[in-house]
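To start, the structure itself, in structure tokens.
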Amino acid sequence: MSKSASGALLSTVEIDRNLKVPLYKQVENFLRGLILDGILKPKQKLPSSRELAEDLSISRITVKSVYEQLIAEGYLKSKTGSGTFVSEDLEFFSYKKLKSVMVKPAEVEGKLPDRVDPINLSKATIRYGETAPFRPGLPALDRFPIKSWNKYLFNAMSESGRYNLGYGSLNGSRDLRRSIAQHLADARGLRVDAEQIVITSGAQQAFVLISFALLKAGDTVWYENPGHIAGRDVMTAMGANVMPVPIDAEGLDLDYAKNNFDIPKLIFATPSHQHPLGITMSLARRLSLLKFAGNNNSWIIEDDYDSEFRYRGRPLPALSALDEERRVFYVGTFSKALCSAVRLGYVVVPEWLIETFAKATNLLGQNASPITEAALAQFINDGRFAEHIRKMRRLYRDRRDTLIEDQIAYEALLGKGIESLPLSVYCLQPIERTALVLGFSGVPRKRMPKLVKKMSETLRSIH
Ligand SMILES: Cc1ncc(COP(=O)(O)O)c(C=O)c1O
């Protein structure tokens, strides 16, 4: 039997030889736990490997390998000639203390940077987690071409040599940037050089980059109200004063903003399809907005998140296509046209900022994978992307018509297990209109009537 206190403690480890967890791992986890819980104290001596091996009826080699591992992790120290000890470096650390901080945030209030509050208040996490029918902004995941996409992923790994296994190019795959430039010319009337495109891990990373590069604390931002949640919240977290600009029949109400707010450093707009109200910004408003930005040295973010899908009228070219002064950052994403899990988007930046943006992407963590970039470039070049969009356009029109035809839905949309979002969530300031926002593209047509009926019954039952 070990004589030391630590030896007595350690001999209580319950080794279960029926478990799949190997013996050395069981002892290692137990020992690590005793140290983290503060039961074994810094500088405390451990039993020799021979003693412990005897106590636990395991081999001395096993105990030695446990000690070596914990020495490598910094939990233990070995002193030649004297034995093995709990590391004295852990003197200032107490897991118990850490736990109590975690449950009592009030104790650290005032010690955390100002940025923590807006991060905690952010509603941007709404888009995470499991999804239920009618969640806004979700494409038809049931129709994602998994088999075909897998082939492209497979080829990106196996055919293109080892290049895709590294970090890739600074501003994203050249092939993908070329494919996107071509797509923008065909679909959005935008003539951009592939060199102006910086690949991101989605629109949100583009908003983070732009905010990081352009905004100082206290800068004014004009932001559509109601408007996209995650973009607004990152600007607030960066310390900007984000001002809510109402939406009228022509889009962002420029006159209102001019009369009520300071000149902005940045304006955020969704001209093609206002998010979430769906209004298309008129040509006159686009021209006024560009003129205003040019005259006042303001930048504009054009978030063109779902321009591939239109169900009424012909699409206007992108705002960016009219931008002669180069004030617009055009942001695109594949989250809607494909799915958000591909984590690919891009920002078209004015020529003189390309390198800055590419470097900023890297600085903040290059989240796009060269493997998916390569797969997507080929997917676009082979016409698969255009084909998928055509199919989805038909499907979404059909699902949308099914929803709209049924007028009950408009009155009955109240969630009990049905994931609509209240319009107020999108608002920085309350607006008069009240509504629930529904995403139709993720709900198969067949399920639509049943779900609408369920919604209607729920609503009736609460009146
Ligand atoms: C208005 C708007 N812009 C952009 C995005 C896309 O974000 P991301 O590309 O980061 O997935 C979304 C998705 O929720 C959105 O609703």
Side-chain angles (χ1 to χ4, degrees), residues 122-131 134-141 144 172 176 180 183 188 197-212 221 223-235 237 242 244-245 247 251-252 266-281 300-310 318-320 328-348 361 364-369 372-373 376 385 392 396 419-423 425-428 437-442:
S122 165
K123 295 173 185 158
T125 45
I126 282 175
R127 67 186 193 168
Y128 287 91
E130 295 221 357
T131 58
F134 294 110
R135 177 192 277 221
L138 260 196
L141 301 181
F144 183 80
L176 180 58
I180 291 172
H183 168 70
R188 307 296 297 122
I197 296 174
V198 175
I199 303 294
T200 63
S201 61
Q204 182 61 14
Q205 198 195 13
F207 305 148
V208 172
L209 280 178
I210 297 168
S211 309
F212 177 71
V221 172
Y223 205 95
E224 293 178 333
N225 189 54
H228 177 48
I229 302 163
R232 175 189 72 203
D233 286 358
V234 75
M235 290 170 199
V242 182
V245 184
I247 309 299
L252 181 133
L266 187 62
I267 302 169
F268 180 94
T270 45
S272 305
H273 190 216
Q274 203 279 329
H275 182 77
L277 297 179
I279 289 157
T280 302
M281 191 183 282
I300 299 171
I301 292 180
E302 174 177 26
D303 177 13
D304 213 22
Y305 61 104
D306 76 344
S307 57
E308 290 85 0
F309 306 108
R310 262 189 85 78
L319 173 74
S320 216
V328 181
F329 289 90
Y330 178 93
V331 174
T333 177
F334 292 94
S335 288
K336 314 290 172 190
L338 286 174
C339 68
S340 52
V342 299
R343 296 320 299 142
L344 282 172
Y346 51 92
V347 50
V348 183
T361 319
L364 295 178
Q366 175 213 358
N367 295 317
S369 152
T372 20
E373 286 179 330
L376 181 56
F385 182 58
M392 291 306 104
Y396 294 167
E419 198 184 356
S420 63
L421 275 185
L423 186 59
V425 171
Y426 293 91
C427 298
L428 200 56
V437 180
L438 296 178
F440 54 85
S441 40

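Numbering of ligands and ligand atoms starts at 1, following listing order.
Under the salt bridge (charged side-chain N to carboxylate O under 4.0 Å, His left out) criterion, D304 pairs with R188, sequence neighbours left out. Residues forming a ring-ring contact (aromatic ring centres under 6.0 Å, His included) with Y346 (at least two apart in sequence, or on another chain): F334. A341 is linked by a side chain to side chain contact (heavy atoms under 4.5 Å, CB included) to C339, counting only residues two or more places apart in sequence or in another chain.
Ring orientation note: the planes of F268 and Y223 are close to parallel, at an angle under 30° on the 30°/60° scale.
Atom NE2 in H275 sits 4.5 Å away from atom OH in Y426 (nearest 0.5 Å).
In terms of modelled atom types and a separation under 3.5 Å, the side chain of T280 and the main chain of S272 share a donor-acceptor contact.
Among protein residues, R127, G202, A203, Q204, H228, H275, D303, Y305, T333, S335, K336, R343 come within 4.0 Å of ligand 1, judged on heavy atoms.
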